[in-house]
Every structure is written in C-alpha cells, then in structure tokens.
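Shown next, in structure tokens, is the structure this report addresses.
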Amino acid sequence: MGSSRLEVTWSSYHMNKFFTWGNDIYLYEVRSSKEHVKQSDIIISENTCARLLATNSNYRYVKCIDIYPKSESDILLAVGQANGKISLTTFGPSVFDSVGLAGVELSPRYARQCNAVKWNSSETNLLASGYEKHRSDHSILIWDVTKGPSDYRLYGNYSTFVGVQNTEYIKPIIEIGLSDIAHSLAWFNQSPQVLVVGVNNKNLKMLDIREVSSGVYSQATKAVYGVEVAPYDDNYIVSFGDNQIAVWDTRNLDRPILSLTQSKIVSKVSWCPTRRNLIGSLQKESSAIHLHDMQQSVENNEPSVLWRSIQPGQNIPLTSFSWHPKHENRLIAVSYLGAITDYTVFERMTLNWSPSTHIVWTYGRRHLKLISDHDKIYINVQDLSPKIKRRAIAEYGLKEQLWQNGEICENATVALVWQWLHLSKSLVENGIITCPPHIKYPGIRYVLGIDSSQSNTLKSEAMYVQWHDITISPARDKALQLCGWKFHMDPNSLERIEIDEAYSRAAAIAIFNLKLRLAIDILKKGAVRQPPLAIIAMALSGYTTDKKSLWRELCATTRGRLTDPYLKAAFAFLVDQSETYKNVLNETEMLIDDRIGFACTFLSDVDLIEYICHLTDSIYETGDISGILVTGANDESIPLLQKYLDNTGDVQTVSVIAVRTFSSNIVHGDVVCQSWIESYRSLLDSWRLWVQRAKFDILLNHNKIPPQQVYISCNFCGKSASAFMQEKIRNKAKMLGIQNNDASNYQGLRILHDEFTSCPHCHKPLPRCAICLTNLGTQSTYFGPEDHKNSNNSIQALKSAEYSSWFTWCQTCRHGGHADHLLDWFKEHLECPVTGCVCHCLSLDDL
Amino acid sequence: MTFEAYTINAQHKDLIHDVAYNYYGDRLATCSSDQFVKVWDQDEHGNWNLSAAWKAHSGSVWKVTWAHPEYGQVIATCSFDRTASIWEEIIDTNILKESGGRQWVRRANLVDSRTSVTDVKFTPKTIGLFLTTCASDGILRIYEAPDIMNLSLWTHQHEVSSKLSCSCLTWTSSFNRYIQFLLSFKQWYLFKKLIKYIIYRLHVPLVAIGSDDNNPSAGPKVLIYEYSEVFRKFSKVADTVPYCFDAVHDITFATTHGRSYHLLAIATKNVRIIKVKPIQENVVNLQGGTNKFEITTLATFEDHYCTVWRVSWNVLGTVLASSGDDGCVRLWKC
C-alpha cells in the first residue's frame with residue numbers, strides 16, 4: 001500500500017466485497033475467520049478477515065470512484081483521474097465486457113482534475129462528473145455512457161478495441177457551469193433528474209438536467225464538499241467545508257437546519273444507509289468516527305443532534321470509512337497505515353437492575369435481554385441480595401433463640417456472633433454475670449470494667465499452675481466465660497470443638513490451658529482425618545520448660561513455616577521468652593474469643609487493659625463483626641456494626657442484631673440505628689415480604705405500642721367516637737372483672753362492642769352499612785358460606801371473626817360498611833354498592 | 001460461560017432509550033425514539049407481557065421512571081419535545097376487560113423547559129412526592145405535588161441553573177425518618193424565625209447532575225447539590241466531583257441502605273465510582289446551609305475501552321453494572 005491516502009468503499013450489491021484505492025485499486029472479499037483462513041488474509045475484526053481478490057493498477061492518480069449502480073455479479077467502476085479522464089473499469093473479465101461498458105474512457109475537452117463522479121441510480125446509463133476550473137469549459141458534465149457516436153454500440157459489439165477508439169467521440173450530453181469549479185455532486189434518489197453540486201467554494205447548487213438553463217437553485221455556503229443525499233429521505237442533504245458539517249432541508253435551503261462545528265477539519269461525512277438520520281463523520285488526523293443522530297420533533301423545527309464517537313481499531317488516524325449498504329450499523333474503516341477494520345456500531349445500550357435481582361439491557365434496537373437470579377450466570381455476579389432475601393424468607397433474626405439465627409445466616413463469622421449473643425444473654429440470665437437491667441448483652445469491656453469509671457476492678461492475683469504463671473480474678477473469670485473458655489470448669493467443652501474438626505483450635509486451647517497431654521491426645525485424634533497433625537503431636541511431646549533447650553530454639557525458627565494460625569500461636573506461646581506474648585495476641589486469624597481468652601489468662605492487669613483498648617480500636621477500624629464480643633451489644637457497638645455494614649452492605653444482619661439486642665431507647669433514638677432499620681424494612685417491602693416485615697415490626701415495637709392510626713368521629717357532632725368507646729369498654733370490663741386479653745371472656749367484650757350503634761355524645765345513629773342497611777356498630781348479621789363461628793374457640797379464630805364486623809370505607813367515595821359484606825360485594829362487582837356511585841373502590845386500593 | 005438470556009421483543013420502531021423497573025421489580029417501562037412508552041408486566045411464570053403502549057410525546061422519549069407505589073401506579077417521562085409528563089394507570093370499565101380495564105392517562109404535562117428535557121426522577125419517598133427534571137439548557141427543576149390524591153397539580157418549586165448542558169440526574173435515597181428537635185428558647189431567640197422544629201437527618205438528600213458537554217475546559221461535568229427541605233432550595237456542595245471533565249452520560253447513586261456514605265457511579269469515557277461521605281458535625285445546621293462532604297474516587301474501570309453509556313447498581317449497592325460502546329454489559333464489584 002502506497003503512501004497516498006487510502007479510501008475505502010463497500011460494494012453496493014455484494015454483501016461481502018469492498019475495495020480500497022490509493023495508487024492501486026484493491027478488491028477484497030470479507031470472510032468469516034472461522035472458515036479456512038489463508039496466511040495472506042488480513043484480519044479485520046474478531047470474526048472476519050479480508051481476502052484480496054483482485055488488484056487493478058492501470059490507473060495512476062485516482063481521484064474519485066463510483067460503482068455502477070445496476071445489480072450485477074461483477075463490479076464496474078467509474079474512475080475519475082487527475083488528468084480528467086474517467087475510465088470505466090472492472091477487475092478482470094466481466095459481464096460488462098460484452099455490453100461494451102468496460103474500458104470506456106470519457107474525457108473533457110480540456111484536461112484537468114476530475115473531482116467527482118456519480119452514477120445516476122435509476123437511469124443507470126447516466127454519469128455525472130465534476131471538474132476543476134477551466135475558463136473555456138464547463139465544470140459539470142453529464143455523460144450517457146451508452147450513447148457514444150451514433151453507431152457506438154454497434155461497433156462495440158464487433159470488437160472491443162473499436163470501442164476504445166470510439167470513446168474519443170463520446171461527448172457529454174449536458175454541460176453546465178462554464179468556468180466553475182465543481183467540488184462534489186450527488187443525484188437525488190426520488191427525483192433522478194435533479195443534482196446537487198458544490199461549486200466554487202461558495203455555492204451549493206441544485207440543478208434539474210431536464211431544464212438546465214432555468215432550473216438552477218443556488219445557496220451561498222462554504223460547505224461545498226462531500227455533498228450527499230440522505231438515503232431514506234430526499235429532503236435532507238449533508239455537506240461539509242473546513243470544520244463545519246451542514247445538514248440542509250431541500251424544501252428550505254436558505255440556511256442549514258443543522259450546522260455542526262467540529263474541532264478539526266472534516267474529511268468525510270456519510271449518511272448511514274440502514275438507519276434514519278444518522279450521519280457518520282471523520283476529521284483529519286482523527287482515529288475516531290463521529291456519529292450524529294439527528295433528532296426531530298413534530299412541534300419543534302430545529303432538530304438537535306445526539307453526538308457520540310466511536311473508535312474502530314487502534315489509536316491510529318483514519319483516512320476513510322464506508323457504511324455497509326445493508327448490514328445494520330456496520331462500517332469499514334481504513335487507517336493511514338493501511339490497516340482495515342470491520343466494525344459494527346453498537347446501539348446505545350441502556351440497562352437497569354431491579355430490586356428483584358433482574359438485570360435488563362437493550363440488545364440492538366428492538367430487543368430487551370434479561371437475566372435474573374434464577375439463571376446460573378447470576379451466581380458469578382456475587383450479588384449479596386439473593387442471599388439476604390433467602391435469609392429474610394427463612395425469618396432470619398426473628399427466631400426465638402438467638403443461636404438459631406446463626407444457623408440460617410450462611411456465614412460462619414456471623415453465626416459465631418449469634419452464638420456469642422446467646423451465650424452472653426444466658427450468662428446474664430443465669431446470674432453468672434450481674435449487671436444493671438439496661439445491659440442485657442455485656443461485652444468484655446463491661447465485664448473487665450474498662451468502660452466504667454471504677455478503676456482497677458480487676459485486682460488480679462498470679463497463680464502458678466503446672467509449669468506456668470496464670471492470672472486470675474473474678475472479673476477475668478467472667479470474661480473467660482464470655483469467650484466460651486470455660487474449659488477449666490467443663491473439660492468436655494473441647495470435645496464440641498473437636499466435633500467441628502477444628503483439631504488445631506482445640507489443641508491450641510488445651511495448650512493455653514496448660515494441658516499438654518490433652519493437646520497431644522487431641523492432635524492424635526485429629527491425625528486420623530488430617531495426617532500432618534501427627535507430626536505436630538510428636539513435636540509437642542518434646543516440650544520442656546528449660547528456657548535454653550534445643551527444642552525451643554528449633555521451634556522458634558520453624559514456627560514461621562506453619563500455616564495454621566492456631567498451631568502457630570500455640571508454638572509461639574510455648575517458646576515465648578518474654579511475658580508479652582505478642583506473637584500469640586497478634587495472630588489475627590485466630591478467633592477473637594480465643595485471643596481475648598488468652599489475654600485474660602496470661603496478661604497482667606495493665607497489659608490486659610492496654611490490649612483490650614488496642615483491640616477495640618482495631619475492630620472499629622476493620623469492622624470485624626465478631627468484635628461485638630468486646631463492646632457488647634449496646635450503643636458502643638454501633639460504630640463497629642456501621643463499619644461492618646460499610647464493608648459488606650449486609651444491612652440485614654446489623655438491623656436484626658440491633659432490634660434483637662439493643663435497648664429500646666437506642667433502637668428508637670439513634671439516627672444511625674433508625675436508618676439501618678428503615679432500609680431493611682424498605683428492602684423487605686420491595687421484595688413483597690410483608691409477613692416478615694410485619695414480624696420484624698412487632699419485634700421492633702414489642703415494648704412500644706405504635707400510636708392509633710384511625711379514629712372514628714361522629715358526622716353530626718364531630719367528636720371522637722372511638723376514644724369514648726374505649727373508655728367505656730375499659731370501665732365495663734373493670735366492672736365485670738374481665739381481663740383484657742382473656743380468651744374465655746372474649747365473647748363478653750364483643751357484646752360490649754355490639755351496643756355501640758349511635759354516637760356516644762349526641763346519640764345520633766351511626767351511618768348504615770351500604771349492604772345490610774343496619775347501622776354500623778351492629779354485628780354483621782350475614783356470615784358467608786365459610787362460617788368461622790363453629791371453628792375452635794381460639795383467640796385467633798375469634799380475632800379474625802371479629803374482623804367481619806369492622807367498619808371499613810372507601811377513601812375516595814366515602815361509602816362503606818361491614819368489612820365482610822364489602823369483600824363479598826366486590827367479589828362480584830367492580831363498582832361501589834351505593835346506588836349511583838361509580839367509584840371502583842376495591843381496585844383503587846389494589847397493590 | 002455461555003448462557004441464554006431471556007429475550008423480550010420490545011417492538012419499538014426505533015432505539016430504546018431507557019428501561020425502568022418499578023419498586024417491586026415486577027413491572028418494566030420502556031421508552032424510545034419512536035415517541036412511544038410501553039409497560040411490561042411479569043406474570044407468575046416469570047414471563048414478561050406487554051400491558052400497555054401509547055404515544056407519549058411528539059419527540060424522542062429519553063427517560064422513564066416510576067414513582068413509589070404508595071402514590072399509585074405512576075410514571076414520569078421526559079422528551080426531546082421539551083416537556084415532561086406524569087402518567088397514571090387508572091381503572092376504566094369502558095375499556096375491554098382483557099387488559100383488566102387498566103389504562104394510562106396523562107395527568108400533567110410540565111412545559112417549563114425551553115429545551116429538550118433529558119432526565120426525570122422522583123425524589124426519594126422520604127421527602128414527599130416531588131419530581132425533578134433536568135434539561136439540555138442546564139436547568140434543574142423541582143416540582144411538588146401538594147395533594148397526592150390529585151396528580152394533575154404540580155407546582156414549580158424551584159430551579160437551579162448549572163450553565164452546562166445536563167444529561168442525567170440522580171438522587172440519594174436514605175431511609176431515615178425525620179427526627180425533629182424542639183429548639184431551645186435560646187436557639188429560637190437567636191434564630192428569630194418562625195420555625196419551631198429543625199428537621200435533622202443523618203443524610204441530607206443530595207442530587208447529582210451530569211453534563212454531556214464535550215468541552216473539557218467547561219469545568220467539572222458532575223455537580224452535586226444538597227437539598228434543604230426546610231428552605232426548599234438547592235445549594236451546591238462546596239467541592240464538587242474533581243477530575244471528571246469528560247462528557248457524562250449517566251450517573252447513579254446507590255441506594256444507601258444504612259451505609260455511612262453515598263456511592264455515586266458515573267458513566268463517562270470510563271466507569272468511575274465516587275464516595276461521598278458526609279462529615280458529621282454534631283451541631284445542627286440552623287441555616288440549612290451546606291454540610292461538609294468528603295468526596296473521594298474509589299475506583300475507575302477502563303475495561304470498556306470506549307464510551308460508557310449507562311450504569312446501574314444492584315439493590316444493595318454492592319455490585320455495579322455498566323454498558324458501553326463495546327456492546328458489553330460489565331459487572332463491577334469493589
């Protein structure tokens with residue numbers, strides 16, 4: 001490929017052929033790269049490659065090319081050259097040879113550069129050409145290629161070279177524009193006698209070739225280059241000049257309907273043939289093609305443009321591009337270096353993600369694609385929301401026993417938190433830890449007295465056990481129990497850990513409790529499942545208290561190779577020289593319970609408090625939810641839970657922990673807490689999990705009854721009827737000695753209700769039920785076919801039976817009656833039961 | 001991994017510009033350059049069926065959005081024809097029973113804009129029933145429906161001009177309720193205004209707008225405003241999003257869901273995620289003026305290699321989906 005500017009054009013009638021021209025003309029065929037690929041093929045996109053079919057190097061200085069518009073199996077090109085000649089040429093032998101079109105040459109009277117050639121698309125024998133200026137020649141010539149000298153066709157049929165000879169005699173049928181310059185031209189599609197031409201660097205002319213003398217319409221503009229008629233609509237023309245792209249409406253050529261100023265000089269514009277109102281443009285030395293989507297509105301005469309730019313191929317400046325004539329939004333682009341790219345412009349995709357875990361996006365112009373959490377692919381998304389929904393359906397956080405929530409949370413860390421909360425609660429309930437009533441879930445800080453002002457509650461004393469000093473005090477003892485380290489009271493507790501196959505953890509705890517033999521036994525048991533543990537057991541058995549033994553020295557060096565955090569910590573403890581145990585306490589992969597348990601056993605009072613304070617800071621920083629053990633479940637754990645929420649987005653866990661364990665004034669008074677709870681409730685609402693939402697609300701308000709929302713007032717005197725009734729019922733109940741929630745006397749309460757048919761203040765009757773026409777307040781006399789009266793006498797049945805006599809009314813038309821009457825009515829009717837009212841009461845409330 | 005996605009043939013005659021789910025995710029609304037809006041309902045088998053289609057505007061319909069179901073089945077659309085419309089689904093027995101007698105009617109047409117209205121969003125439910133629009137002349141408008149039972153009445157509350165052609169807007173949504181403080185006498189005396197209560201929330205509602213202006217020198221293309229409910233006005237958050245000078249095509253706040261900060265996704269030539277963290281000051285800001293925010297870029301994803309068109313968060317704000325010129329939908333997790 002030469003150094004000259006390379007142009008590219010799709011063949012109009014072959015779906016898979018295009019040609020490029022610079023010095024030579026190359027014809028390519030586009031093939032799928034899945035088929036047999038030759039080495040010489042040029043890869044032009046992920047799926048396609050181009051194979052060179054033919055080269056035509058007969059012409060130097062090609063200026064412009066147009067393809068013969070009649071559908072044929074071969075390609076006939078009109079090649080306009082710098083010397084003014086227009087040659088009709090093919091790639092090798094073709095069907096055009098026999099009709100004598102191939103090889104025809106058309107020359108103007110005076111040689112000068114040919115700027116444009118265009119075939120007429122309906123009268124395919126007509127070819128328009130535009131030339132540079134010559135003072136005594138016309139610049140726009142229309143040729144009839146089939147009409148040479150009178151007997152041209154005859155000669156053509158006899159011998160080919162006669163045709164060549166005779167071409168000199170072909171004269172243009174129409175000549176227009178004496179001593180003008182024609183820069184570009186285009187035929188209209190619907191009215192094929194009309195041409196639009198850019199002339200003299202200042203005019204856009206419309207000519208009718210039937211009436212050359214009069215039919216000229218001219219408009220002054222700088223945009224005279226690359227004029228092109230919109231493929232769908234003859235009314236629109238695009239042209240460019242310098243850095244301006246102009247779109248014209250032929251019905252009103254006074255000024256462009258759109259004038260787009262570009263940052264650089266424009267080198268090509270082209271309408272997209274497959275989509276209305278889309279123009280592609282290319283600027284000099286730019287690697288991106290700009291797409292202008294013209295938007296028109298009926299009421300609005302000024303269209304606007306949606307702009308976007310695409311970059312086919314690498315970041316190399318492009319010289320030209322061409323739209324595919326049929327394939328939607330496909331184009332081919334060619335760069336300075338000759339690289340060809342086959343590119344399909346994707347339509348602007350819009351997408352959305354629903355709360356019910358659907359992702360939808362637009363595919364092409366007409367389709368929507370959807371995936372949801374039912375699709376396998378969705379697992380890869382790693383979306384937390386299906387899991388939260390699953391947990392919500394399983395009533396996560398609503399289980400009676402705290403530890404049961406851990407079983408459905410599908411997260412080991414959070415499960416441990418629930419277990420710990422359960423433990424903390426039971427320790428308080430069993431009186432092992434005594435604390436004021438507002439603290440229900442004390443944490444380590446409370447137990448060790450770090451939070452309280454009373455200093456030095458620890459008062460620990462050292463004790464020598466087995467071979468090591470340990471520190472004990474009542475407070476530490478409680479802390480150990482909070483950590484689940486009740487080993488010294490309950491030797492079986494380790495077995496529970498063993499069941500979970502956490503042998504190394506069990507062994508480490510045994511070692512921290514100075515029970516070496518037990519640790520070795522545990523490891524031996526574990527070796528059945530995890531063989532390497534046998535070696536660890538062997539290593540352990542060599543332990544001596546001698547501080548300078550070979551064993552210690554070697555263990556200290558090889559310890560780093562262990563991967564299991566518990567074994568690492570255990571050996572760190574055994575070889576520790578100082579009394580700070582940094583290597584054990586900083587083993588962050590160990591559960592926080594065990595780290596604190598260890599600290600409470602071995603650290604001195606000062607070190608312990610410092611360690612706990614340090615730990616508190618670090619859990620606030622990392623948002624490790626198991627840190628709730630340190631803070632306890634109270635307002636101090638809010639920053640911790642907030643951090644956990646920020647990290648994971650798990651608003652569910654923090655809300656249910658807050659509601660289950662925080663005291664009521666924190667839950668209702670703290671803005672942070674409220675925002676968690678409100679988010680979670682809204683989440684449940686959007687999943688339509690109303691039952692779970694309601695249960696959550698009950699839990700939330702279990703010691704704070706929500707305010708009454710509906711009041712009944714009398715139509716006549718306007719006083720509240722319900723307040724009076726409640727008072728009355730309460731008094732009567734007191735009189736009769738009925739306990740409010742006593743099931744056996746429930747019927748009695750209903751009788752009290754039934755008396756209430758008139759306003760207690762002015763004694764005017766209450767409105768009537770629209771169905772049974774009795775005054776409201778009377779018991780609904782009609783019971784549907786499923787009568788609940790005979791069902792068992794539980795509160796549940798009574799409560800739901802009572803519903804039938806409730807007042808209800810439409811918020812729009814204000815008509816109403818007994819709830820069950822209205823429900824029955826709307827089973828069969830759409831309109832309100834009151835005559836003449838056309839309100840669709842029930843459907844208005846439809847969800 | 002190959003998979004087959006569920007396909008709906010939307011039958012729009014031109015490019016689809018927006019797809020919106022309702023609050024429950026069981027209804028879809030689409031809008032297109034063919035000036036139509038279509039509503040799709042999901043049946044119990046998970047299939048999506050067309051339930052309504054109507055010509056909504058006399059120009060391309062850019063965006064469609066659902067109101068909270070508390071206000072009924074209400075959508076808002078905005079269009080190139082310089083208007084925004086409110087539509088409500090009503091029951092009308094005069095219509096054939098097949099569609100359940102449901103029909104969408106235009107409740108209001110907001111004609112204040114002189115240019116194409118590029119985005120429309122309802123405010124978070126906690127503020128009330130408000131509608132915000134932004135237009136290519138850079139004006140952000142807020143409308144209020146004072147009576148939620150009458151959706152044909154919308155009063156033009158306030159407008160802000162950003163002086164940049166706006167392409168998109170988004171609200172933060174926090175779920176915290178109002179907490180009202182009774183002012184002490186001293187405070188009241190100092191304040192000397194007839195406001196007895198100060199509405200205080202953990203998160204002030206924020207609105208972010210993006211501009212598709214191509215000129216990088218025109219300043220940052222994402223602006224964040226704080227909405228004061230007491231004074232019903234917008235004030236610009238002091239330091240707006242830095243380093244975002246390219247044309248912005250879409251912008252979305254993740255639902256906050258209890259987080260201590262807001263996440264803002266921006267679709268520009270790449271995908272950017274911005275963290276907007278309110279700096280808590282324990283003093284209740286009596287002037288209702290600007291709070292302080294700490295704005296940091298959390299992540300920038302370049303993998304589309306070209307223009308990014310849309311971004312959308314999952315319900316928890318933990319995963320982000322984006323679509324771009326490369327024809328891919330990509331998912332991001334921080």
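Only a predicted model underlies this, so the values are computations on that prediction, with no experimental measurement involved. Convention: sequence-line order gives letters A, B, ...; per-chain numbering from 1.
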Discussion item. Tell me every residue that passes salt bridge (charged side-chain N to carboxylate O under 4.0 Å, His left out) with A/Arg330, counting only those two or more places apart in sequence or in another chain.
Written reply: A/Asp342

Discussion item. I'd like to know if the side chain of B/Gln11 reaches the main chain of A/His367, judged simply by a donor and an acceptor atom lying under 3.5 Å from each other, with no hydrogens or angles considered.
Written reply: no

Worksheet item: Does A/Arg348 come within less than 4.0 Å of B/Asp325, counting only side-chain N to carboxylate O?
Response: no

Item to complete: Pick one of side chain, backbone, both or neither for B/Leu15, based on which atoms fall under 4.5 Å of a heavy atom in chain A.
Response: both

Worksheet item: Relative to chain B, which of A/Thr344, A/Asn647, A/Thr350 shows the most heavy atom pairs under 4.5 Å?
Response: A/Thr350

Fill in: Proximal component of A/Ser385, with respect to chain B [non-hydrogen, under 4.5 Å]
both

Response to the item:
In terms of heavy-atom contacts, B/Trp313 and A/Trp353 come closest through O-CB, 3.3 Å

Response to the item:
For B/Arg310 and A/Met349, the nearest pair of non-hydrogen atoms, with its separation, is CG-O, 3.4 Å

Worksheet item: With a 4.5 angstrom heavy-atom cut-off, which part of A/Thr648 approaches chain B: side chain, backbone, both or neither?
Response: backbone

Discussion item. To check you understand the geometry: which heavy-atom pair defines the closest contact between B/Tyr261 and A/Asp646, and what is its length?
Written reply: OH-O, 3.1 Å

Item to complete: Side chain from CB out, backbone as N, CA, C, O: work out which of these in B/Thr307 comes under 4.5 Å of a heavy atom of chain A, or both, or neither.
Response: side chain

Practice prompt. Identify the heavy atoms of A/Ile388 and B/Leu316 that sit nearest to each other, and give their distance.
Written response: CD1-CD1, 3.6 Å

Worksheet item: What part of A/Asp685 lies closer than 4.5 angstrom to a heavy atom of chain B: side chain, backbone, both or neither?
Response: both

Practice prompt. Return the option, out of B/Gly324, B/Ser79, B/Gly72, B/Ser323, with the maximum number of heavy-atom pairs under 4.5 Å with chain A.
Written response: B/Ser323

Worksheet item: What option among B/Ile8, B/Val315, B/Asp212 has the most heavy-atom pairs under 4.5 Å with chain A?
Response: B/Ile8

Worksheet item: Between A/Pro355 and B/Gly25, what is the shortest heavy-atom contact and its length?
Response: CG-N, 4.0 Å

